[in-house]
Asks: 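Could you have a look at this structure, given as structure tokens, before my questions?
Lettering of chains follows the sequences in order, A, B, ..., and the numbering in each one begins at 1. Values below: every heavy atom of this structure, side chains too, minus hydrogens, waters and symmetry copies.
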Protein chains: 2
Amino acid sequence: MAETLRRAPLSRDRILHAAVALADEAGIESLSMRNLAQDLGVVPMALYKHVANKDELLDGMIDVVVGEIDPPAADADWKHTLRRRVLSARQVLRRHPWAPLAIESRNMATPAILSYLDSTVGTLLAGGFSTDLAHHVMHAMGSRILGFSQELFDASRRAGRSGGTDPGPPAALPAEVAARFPRLAEIAAAASHDDESVVGQGCDDQFEFEFALDLLLDGIERLHRQGWTSSRRPG
Amino acid sequence: MAETLRRAPLSRDRILHAAVALADEAGIESLSMRNLAQDLGVVPMALYKHVANKDELLDGMIDVVVGEIDPPAADADWKHTLRRRVLSARQVLRRHPWAPLAIESRNMATPAILSYLDSTVGTLLAGGFSTDLAHHVMHAMGSRILGFSQELFDASRRAGRSGGTDPGPPAALPAEVAARFPRLAEIAAAASHDDESVVGQGCDDQFEFEFALDLLLDGIERLHRQGWTSSRRPG
DNA sequence: ACCTGAACACCGTTCAAGT
DNA sequence: ACCTGAACACCGTTCAAGT
């Protein structure tokens with residue numbers, strides 16, 4: 001009897017939150033129906049009463065994450081509203097690092113994502129954007145609108161960990177890599193930008209994210225001011 | 001004897017190209033060591049003489065794909081050189097639609113990717129960029145520098161396929177989705193932009209990709225002309 | 001020494017047997 | 001009617017047996 005009372009009765013919501021917690025703590029590769037069931041103190045097949053299959057479980061997890069993003073503050077202009085919301089999305093994704101890949105690997109937009117995108121479009125239209133420009137802007141922002149960093153370049157920092165020990169901080173690039181790719185090494189060495197006290201710390205992710213975000217937002221603002229339409233390319 | 005002569009002897013190269021072909025044709029989810037071995041007319045364990053494990057196989061496949069990207073043409077200015085190369089990368093990825101997710105899911109940059117990034121940095125530095133600006137530009141371009149479309153928004157087009165039959169073209173959004181997300185429907189309806197003959201065709205992926213690419217390149221060009229440094233934010 | 005079949009430790013999911 | 005253990009059809013990879 002103690003075993004059956006140990007936890008609240010199973011529900012879709014409890015399953016989804018347990019799955020998110022498992023992915024957060026152990027990584028998405030540890031998320032199996034069997035592991036999840038064990039975490040919940042339940043037999044694996046019990047999960048299938050609440051989620052149809054693993055894909056639907058992942059969709060539900062994505063909706064949980066997207067639901068954590070702050071709603072748009074309606075008191076500011078479109079640019080600040082959008083900027084704040086994207087940065088909020090980024091903070092959410094930092095708590096759930098598995099989410100970007102999970103979202104990209106699903107081939108269907110979930111209701112929560114559609115709702116998020118819809119209200120973002122609303123921000124643009126309320127800011128006076130034509131439907132035409134709003135459309136292209138949504139494409140141009142791409143997954144960055146959900147806070148994705150999509151740091152391909154970040155991978156170069158991890159490029160050296162082939163050998164055994166991993167001593168010290170990831171300062172610049174390993175010597176062998178730096179020798180083969182000298183120009184990568186050159187800009188990596190510039191990574192300790194205006195923060196003087198931080199040397200060989202690697203990149204400031206928040207700075208890089210805002211740099212790219214503002215580059216896009218400023219360009220979008222310029223097109224908007226110029227009354228851009230499809231017949232004229234940006235520039 | 002006929003069986004043993006049926007194919008060329010196994011090699012790492014032959015394995016990698018067979019794996020790329022399998023992923024291209026049947027999808028990355030069909031790529032298993034067992035399926036790949038069968039395609040090659042070989043016992044599964046034979047593969048392990050040439051690749052250490054499946055992760056190394058994926059790394060090798062990524063290098064094959066990245067190797068198909070045109071080298072930079074050295075005769076133009078940085079902007080056109082970069083633009084052409086990114087568009088070349090995009091064409092390559094369109095032939096290998098599994099590659100973006102595969103690249104993002106690997107946590108280590110492969111030699112071919114590092115080489116690609118290194119020569120791209122070289123283009124920027126040769127164009128007179130400071131190492132500082134070149135560094136942030138690489139981050140801002142992100143995976144788009146490898147031709148990634150990262151069309152999150154594209155997913156909304158596929159949002160309606162829950163029911164059974166799938167009749168006709170994906171014209172705008174399904175009625176139920178359009179009703180719940182009216183502003184998404186509004187900009188989706190604007191998708192048939194200046195091409196008058198195409199109605200309800202969905203988005204022009206190439207147009208959207210170049211729109212975003214040029215938005216970034218134009219913004220980058222502006223910063224470069226202004227002699228941007230870390231102490232001043234873009235804008 | 002080389003190759004390879006069987007085996008191991010997992011998966012997601014089906015299905016029939018048990019209550 | 002509901003729940004669930006065993007089973008099925010897969011994985012990637014180890015390992016020992018066979019040549």
Side-chain angles (χ1 to χ4, degrees), chain A residues 1-16 18-23 25-62 98 101-103 105-108 110 162, chain B residues 1-16 18-23 25-62 98 101-103 105-108 110 162:
Chain A
M1 200 208 293
E3 284 84 2
T4 62
L5 291 178
R6 201 172 42 190
R7 289 180 180 273
L10 211 54
S11 70
R12 183 181 161 88
D13 203 63
R14 219 162 71 78
I15 290 174
L16 295 183
V20 167
L22 177 56
E25 287 155 25
I28 191 74
E29 75 280 357
S30 297
L31 179 76
S32 69
M33 299 301 273
R34 287 161 143 101
N35 282 345
L36 177 57
Q38 186 174 301
D39 273 19
L40 287 161
V42 141
V43 84
M45 285 313 298
L47 301 175
Y48 286 83
K49 286 287 139 188
H50 300 92
V51 291
N53 48 42
K54 192 177 182 181
D55 281 349
E56 201 194 280
L57 174 74
L58 284 168
D59 281 346
M61 292 168 67
I62 289 168
W98 49 270
L101 215 58
I103 292 172
S105 63
R106 303 292 303 127
N107 60 0
M108 221 171 86
T110 67
S162 56
Chain B
M1 202 210 291
E3 284 84 1
T4 61
L5 290 178
R6 201 174 41 188
R7 290 178 178 274
L10 211 55
S11 70
R12 181 182 162 88
D13 204 62
R14 220 163 71 78
I15 291 175
L16 294 183
V20 168
L22 176 56
E25 288 155 26
I28 191 75
E29 76 281 358
S30 297
L31 178 76
S32 68
M33 299 301 272
R34 287 162 143 101
N35 282 346
L36 177 57
Q38 185 173 301
D39 273 19
L40 287 161
V42 140
V43 84
M45 284 314 298
L47 301 174
Y48 286 83
K49 286 286 139 188
H50 301 91
V51 290
N53 48 41
K54 193 177 181 182
D55 280 349
E56 201 194 280
L57 174 74
L58 284 168
D59 281 347
M61 292 168 67
I62 289 168
W98 50 269
L101 214 56
I103 292 172
S105 63
R106 303 289 306 124
N107 60 0
M108 220 171 85
T110 67
S162 57

Asks: Determine the contact category for A:Asp55: base if any of its heavy atoms lies under 4.0 Å from a base atom, sugar-phosphate if only primed atoms, P, OP1 or OP2 are that close, otherwise nothing.
Replies: nothing

Asks: Counting only Watson-Crick or G-U wobble pairs whose two distances fall under 3.5 Å, which nucleotide matches C:dC8?
Replies: D:dG12

Asks: Between C:dT4, D:dT13, C:dG12, which nucleotide gets closest to the side-chain atoms of B:Ala46?
Replies: C:dT4

Asks: Tell me: CG of B:Asn53 to P of D:dC11, nearest whole Å?
Replies: 17 Å

Asks: Kindly point out which of D:dT13, C:dG12, C:dC15 is positioned nearest to the side chain of A:Met45?
Replies: C:dC15

Asks: When you get a sec, tell me which of C:dG12, C:dG5, D:dG5 is the closest nucleotide to the side chain of A:Arg34?
Replies: C:dG12

Asks: Applying the side chain to side chain contact (heavy atoms under 4.5 Å, CB included) criterion to A:Glu56, which one of A:His50, A:Arg12, A:Met61 satisfies it?
Replies: A:Arg12

Asks: Any donor-acceptor pair under 3.5 Å linking the side chain of A:Lys54 with the backbone of A:Leu31?
Replies: yes

Asks: Choose from D:dC3, D:dG12, C:dG12 the nucleotide whose nearest atom is closest to any side-chain atom of A:Lys49.
Replies: D:dC3

Asks: Counting only Watson-Crick pairs (N1-N3 plus N6-O4 or O6-N4) and G-U wobbles (N1-O2, O6-N3), all under 3.5 Å, who is the partner of C:dC2?
Replies: D:dG18

Asks: What are the two closest non-hydrogen atoms of B:Leu57 and B:Met33, and how far apart are they?
Replies: CD2-SD, 4.0 Å

Asks: Between C:dG12, D:dT4, D:dC11, spot the one nearest the side chain of A:Val43, thanks.
Replies: D:dT4

Asks: Under 3.5 Å, side chain of B:Asn35 to main-chain N/O of B:Ser30, donor-acceptor pair present?
Replies: yes

Asks: In whole Å, what is the span from the CD atom of A:Gln38 to the P atom of C:dC10?
Replies: 11 Å

